[in-house]
Amino acid sequence: MPSGQDQSQLPASVDVAVIGAGFTGLSAARTLAQRGLHVAVLEANSIGWGASSRNGGMVLTGAKLSVETLISRYGLESARKIYDASIKSIECMERIIAQEKIDCNFFRCGHLEVACKPSHFAGYARSAELAAREFNQRLRIIPKNELGQEIGSRIYYGGLVDETSAGLNPARYVAGLARAASSTGAEIYERTRVERLERSTRNGTPGFLLSASRGSIFANNVFVATSGYTSRTTPQFQKRIIPIGSYIIVTEQLPETLASELSPRNRMIYDSKHFLYYYRLTPDNRMLFGGRAAFFPETSSTIRRSAEILRRGMVSVYPQLQNTEVEFVWGGTLDFAFDTMPHAGMFDGLYYALGYAGHGVAMATFLGMKIANSICGDPDQNPFESLGFPTAPLGLYQGRPWFLPLAGAWYRFLDLVS
């Protein structure tokens with residue numbers, strides 16, 4: 001990872017303070033600096049410390065919600081804009097990678113969703129028909145008798161392929177994005193935790209005073225880009241974001257023949273369960289296998305337990321890996337909103353982009369750029385601001401996810417009956 005600013009002292013004031021040096025914050029900082037604004041990125045840990053460097057590197061089309069749910073919930077016009085944003089987000093990321101010459105193993109490999117039950121596969125026909133008719137997006141149905149061309153596993157009932165999706169190395173990408181932001185003039189301050197945020201004025205100009213572990217800084221505007229690590233510093237967002245753990249294991253290097261057997265097309269793969277598994281080959285032929293093995297945010301205990309669960313899951317999908325060593329394991333925290341949708345815009349005078357629900361690699365980059373342009377006065381073309389940003393019913397959640405065991409049990413039940 002590149003290092004942030006060496007200075008121990010924060011500037012007295014900036015045009016924009018960005019909280020969080022992940023995909024969202026760094027993309028915003030790059031755009032803001034390109035447009036001539038003085039921007040400081042304040043990161044509590046190090047660049048890309050959170051989910052931006054600890055995800056599976058899957059760059060996916062669509063949203064966490066199905067196309068049917070998008071249309072029924074938001075109407076056809078809004079659903080089209082949301083889906084189109086997912087396509088544009090990948091194009092945006094691909095363009096930045098090319099412009100900034102970021103070496104991050106980006107490649108358009110497509111993704112494969114595999115059906116865990118016959119009823120799940122039956123739903124793929126409706127999804128493909130809707131995507132083609134309403135979103136002009138071609139999805140290809142793979143019946144069970146042809147699935148061996150896509151995956152070396154016999155446990156699934158068919159698949160659905162989208163050739164638009166991509167893969168990359170997320171740690172290399174976020175490091176390159178940080179270098180790009182710095183080279184345009186953005187200042188990145190690592191180990192600078194924002195502890196308090198309050199409205200203030202400076203020389204008659206309204207803005208915000210941010211009190212951080214390395215001092216205070218006045219900003220005309222603030223962009224909150226904290227995702228699953230949103231804290232009580234911004235309680236209006238903390239009560240809208242649920243931090244959910246996601247965990248990954250990575251095997252030893254596999255022989256070329258075995259790697260090709262497991263994933264003949266080298267797709268980004270995930271299954272149709274609520275408690276899903278997602279997996280892919282890495283560029284050096286390791287199997288990366290992840291999932292919501294435990295809903296709680298990562299700790300040494302949840303990571304250790306999750307590694308055992310994920311290994312069992314991996315072998316159930318790929319018995320060929322029964323005797324393969326797992327060499328790496330880690331966890332990270334995702335940000336889910338109560339409606340399982342991204343949200344971006346302005347609230348209480350603060351700009352924000354949050355709630356990617358595991359689909360944030362490209363969308364975070366895209367929304368960081370979009371909100372940065374909004375700060376600069378461009379017309380808003382962000383389809384997520386109008387969705388409404390819900391809180392828990394009856395105010396039952398203020399940032400401590402006490403209900404995650406119940407949610408986990410509910411989703412396991414749904415996986416049994418749906």
Side-chain angles (χ1 to χ4, degrees), residues 1-2 16 18-35 39 41 43 47-64 82-108 111 164-184 186 188 223-228 268 332 334-335 341-345 351-376 378 381-385:
M1 290 288 175
V16 184
V18 177
I19 307 176
F23 295 146
T24 306
L26 294 171
S27 174
R30 173 181 177 269
T31 300
L32 291 165
Q34 283 178 333
R35 301 195 59 171
V39 54
V41 182
E43 166 57 49
I47 290 167
W49 179 86
S52 290
S53 64
R54 289 190 255 165
N55 63 81
M58 296 187 173
V59 186
L60 305 177
T61 58
K64 181 68 173 175
I82 291 166
Y83 201 93
D84 184 58
S86 80
I87 304 299
K88 288 180 177 175
S89 72
I90 301 178
E91 295 169 353
C92 169
M93 166 177 272
E94 191 170 26
R95 188 166 55 250
I96 290 172
I97 289 168
Q99 289 172 346
E100 303 294 349
K101 297 179 174 58
I102 301 174
D103 180 11
C104 60
N105 306 117
F106 179 89
F107 67 118
R108 292 269 194 165
H111 78 247
T164 309
S165 295
L168 52 61
N169 181 317
R172 287 186 177 183
Y173 173 63
V174 75
L177 198 56
R179 284 191 291 270
S182 294
S183 69
T184 59
I188 304 172
F223 185 0
V224 179
T226 46
S227 293
M268 304 292 108
L334 306 178
D335 53 335
M341 285 294 290
H343 294 274
Y351 291 94
Y352 67 92
L354 302 162
Y356 301 112
H359 278 245
V361 177
M363 188 58 71
T365 301
F366 182 68
L367 289 180
M369 179 195 70
K370 281 290 186 184
I371 297 302
N373 286 331
S374 294
I375 293 171
C376 294
D378 287 3
Q381 297 178 332
N382 160 29
F384 301 101
E385 185 166 17

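Worth saying up front: this structure is predicted, and the values here are computed from it rather than measured.
- The two residues Gly167 and Met268 make their nearest non-hydrogen contact at CA-SD, 3.9 Å.
- No side-chain heavy atom of Ser27 sits under 4.5 Å from any side-chain heavy atom of Arg30.
- At least one side-chain heavy atom of Met341 sits less than 4.5 Å from a side-chain heavy atom of Ile82.
- Atom CG of Leu26 and atom CD1 of Ile188 lie 5.0 Å apart (nearest 0.5 Å).
- Under a 3.5 Å cut-off, the side chain of Ser165 and the backbone N or O of Thr61 do form a donor-acceptor pair.
- A distance of 5.0 Å separates CG of Asp103 from CZ of Arg172, quoted to the nearest 0.5 Å.
- Side chains of Thr365 and Tyr173 form a contact here, defined as non-hydrogen atoms less than 4.5 Å apart.
- Across all non-hydrogen atoms, the minimal contact from Ala225 to Gly25 is CB-N, 3.7 Å.
- Of all heavy-atom pairs spanning Phe384 and Ala85, the tightest one is CE1-CB, 4.2 Å.
- Shown here for Phe366 and Ser89, the closest heavy-atom pair between the two residues is CB-CB, 3.5 Å.
- Counting heavy atoms from C-beta outward, Arg35 and Asn373 have side chains that approach closer than 4.5 Å.
- Although no hydrogens or angles enter the test, the distance criterion places no donor-acceptor pair under 3.5 Å between the side chain of Glu100 and the main chain of Ala180.
- Between Thr184 and Ala33 the shortest heavy-atom distance is OG1-CB, 3.3 Å.
- If you take CD1 on Ile371 and CG on Asn382, they are separated by 5.0 Å, rounding to the nearest 0.5 Å.
- Rounding to the nearest 0.5 Å gives a distance of 10.5 Å between CD of Gln34 and CE of Met369.
- A heavy-atom distance below 4.5 Å is not found between the side chains of Phe23 and Met93.
- Put simply, the side chain of Leu168 reaches to within 4.5 Å of the side chain of Ile97, judged on heavy atoms.
- Side chain of Ser86 to main chain of Ala63: no donor-acceptor pair is present (N/O by atom type, distance under 3.5 Å, no hydrogens or angles).
- In this structure, CG in Asn169 is found 13.0 Å from CZ in Phe106, a value given to the nearest 0.5 Å.
- Side-chain contact check for Lys370 versus Lys88: every heavy-atom pair is 4.5 Å or farther apart.
- Across every non-hydrogen atom of Thr226 and Val224, the tightest pair is OG1-CG1, 3.4 Å.
- Partner Tyr356 forms a side chain to side chain donor-acceptor pair (under 3.5 Å) with one of Asn55, Thr24, Asp335 and no other, that one being Thr24.
- To the nearest 0.5 Å, atoms CZ (Arg54) and CG (Leu334) are separated by 10.5 Å.
- Side-chain contact between Glu43 and Ile47: absent, with no pair of heavy atoms (C-beta onward) separated by less than 4.5 Å.
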